[in-house]
A.B. asks: 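Take a look at this one; I'll ask things after.
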Amino acid sequence: MNVKALITTFKEIFNTTPERAFFAPGRINLIGEHTDYNGGHVFPCAITYGTYAVARKREDQLIRLYSENISDKGIIEFNVNQLDYDKEHNWANYPKGMIRYILEAGYGVPTGFECVIKGNIPNGAGLSSSASIELLTGVLVAGLFGLEITRIDLIKLGKRVENEFIGVNSGIMDQFAVGMGKKDAGILLDCQTLTYEYAPIQLESHKIIIMNTNKRRELADSKYNERRAECEEALAQLQSRLPIEALGQLSESEFDESQSLIPNETVRKRAKHAVYENVRTLKALAELKAGNLKAFGQLMNQSHISLRDDYEVTGEELDTLVEAAWKQPGVVGARMTGAGFGGCAIAVVENEEVETFIANVGAVYLERIGYEAEFYVASIGDGAKEIELGS
Ligand code: GLA
């Protein structure tokens, strides 16, 4: 991705030159799915695909935003004192919400600014393009106006945009991964306490392949909120006997012994996934640290099966990709990543087998689903940051 091209667009659109440049990545989650809002652990990493911005402060109170990806919306303009959600403002509601909450947190944004952004995260792929825009706005506004906002506060404000401004009841994983990502490292995050550790991911003989279903994630937000409500119901029922604050506090055996407190079978399955997936995530980190990539891959596979059968968030497209991946030579493990209901899966594949893998899985997918999947090699990169204007 070329920042120079963004500068050219900026000059064309705003008739002046930008002062600063910023970047925020997308993310994949290696394991620990639908555990963040259950007080469990996640293990995501930032990827080198992301969203870029070039920007310049203005003298007046106007904020003027232009996205090269959604250029048909043109320049979206609003006042720094007028930051209500507006459907017409489309993608710009993410930056708008972020600016609003930065102001509400007591930081001064004395003037407006103008900005051109462009992302290379595949569209609607569930690789957290929205968290990427939120954190991009965070580092941009903090950078332009010299605000000393801690990274964790920016992450929390980004989550608030998602929950309150946009209306998706998501957990903190995406904003955390996008905000705290580090080159060649996964982040093991305890979502209850927000304590975390980096785990080096050095897969010399393997690559992480992202497989995009290219399925539109329709109704995904309402189903997401439904899953979350089911977990809350299960937690309330378990709390009638157990002194817990979150499903993530339970071991597998503690859950097994108490699961009869949850009368509804569907709700029970959801809770089982949350508990078992959390335990799997901790096991996965231990296996990775011990260099047992094979065992790590098996945990990835179990994660997918649990998301398919107990949490029911996979669907035919993701299952087709992952089940085809499992059958290929050189595959250590494969699973869906992110919220599910379409979006992307990931697979860990031996270097020499990558080409065959893509050809074979792609062919199975096309045959069964009727349109093509896309494949990308994931590189693990840094979190949101200012970058050189000349880069
Ligand atoms: C989405 C949400 C995250 C997390 C995942 C599922 O990406 O934004 O908070 O819940 O789904 O693990």
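When a ligand or atom number is given, it counts from 1 through the structure's own listing order.
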A.B. asks: The test is salt bridge (Lys or Arg N to Asp or Glu O under 4.0 Å); show your working for K57 and E19 and say whether it passes.
C.D. replies: CA-CA 8 Å; K57 275 193 277 192; E19 294 167 328; 5.7 Å; no
A.B. asks: Under 4.0 Å from any heavy atom of G171, which atoms of ligand 1 are there?
C.D. replies: 9 (O)
A.B. asks: Does atom NZ of K118 have more than 12 heavy-atom neighbours, drawn from other residues, nucleotides or ligands, at distances under 6.0 Å?
C.D. replies: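 Not buried by this count: 12 neighbours or fewer within 6.0 Å.
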A.B. asks: Backbone or side chain, does any N or O of N29 fall under 3.5 Å from an N or O of ligand 1?
C.D. replies: no
A.B. asks: Sort out for me which residue in K223, R270, R268, K269 forms a salt bridge (Lys or Arg N to Asp or Glu O under 4.0 Å) with E230.
C.D. replies: R270
A.B. asks: Between Y37 and Y224, does the ring centroid distance fall short of 6.0 Å?
C.D. replies: yes
A.B. asks: Atoms of ligand 1 less than 4.0 Å from H34 heavy atoms?
C.D. replies: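 Selected atoms, number and element: 6 (C), 12 (O).
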A.B. asks: Could you tell me which atoms of ligand 1, counted from 1 in the order shown, lie closer than 4.0 angstrom to a heavy atom of G338?
C.D. replies: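 Listed by number with element, the hits are 6 (C), 11 (O).
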A.B. asks: Parallel, tilted or perpendicular for Y85 and F165, by the 30°/60° rule?
C.D. replies: perpendicular
A.B. asks: Within the 4.0 Å heavy-atom shell around D36, which atoms of ligand 1 are there?
C.D. replies: 3 (C), 4 (C), 9 (O), 10 (O)
A.B. asks: For Y107 and F145: C-alpha separation, side-chain torsions, deciding distance, then whether ring pair (Phe, Tyr, Trp, His ring centres under 6.0 Å) applies.
C.D. replies: CA-CA 9 Å; Y107 298 97; F145 299 103; over 10 Å; no
A.B. asks: Identify which of Y224, F176, Y311 has a heavy atom lying nearest to atom 10 (O) of ligand 1.
C.D. replies: Y224
A.B. asks: Which ligand 1 atoms, with their elements, are less than 4.0 angstrom from a heavy-atom of Y37?
C.D. replies: 10 (O)
A.B. asks: Number the atoms of ligand 1 from 1 as they appear, then name those within less than 4.0 Å of a heavy atom of R27, with their elements.
C.D. replies: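 Taking each heavy atom of R27 in turn, ligand 1 has 7 (O) under 4.0 Å.
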A.B. asks: Short N/O distance, under 3.5 Å, between E33 and ligand 1?
C.D. replies: yes
A.B. asks: So, R100 and D84, do they make that salt bridge, N to O below 4.0 Å?
C.D. replies: yes
A.B. asks: Does ligand 1 have an atom that lies less than 4.0 angstrom from a heavy atom of R228?
C.D. replies: no
A.B. asks: Quick one: which ligand 1 atoms are inside 4.0 Å of a heavy atom on M173?
C.D. replies: 4 (C), 5 (C), 12 (O)
A.B. asks: Any link between V364 and M211 through a network of hydrophobic side chains (Ile, Leu, Val, Met, Phe, Trp, Tyr) touching at under 4.5 Å?
C.D. replies: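 No, V364 does not connect to M211 through the hydrophobic network.
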A.B. asks: Does only the side chain of E277 get under 4.0 Å from ligand 1, or the backbone, or both, or neither? Count heavy atoms.
C.D. replies: neither
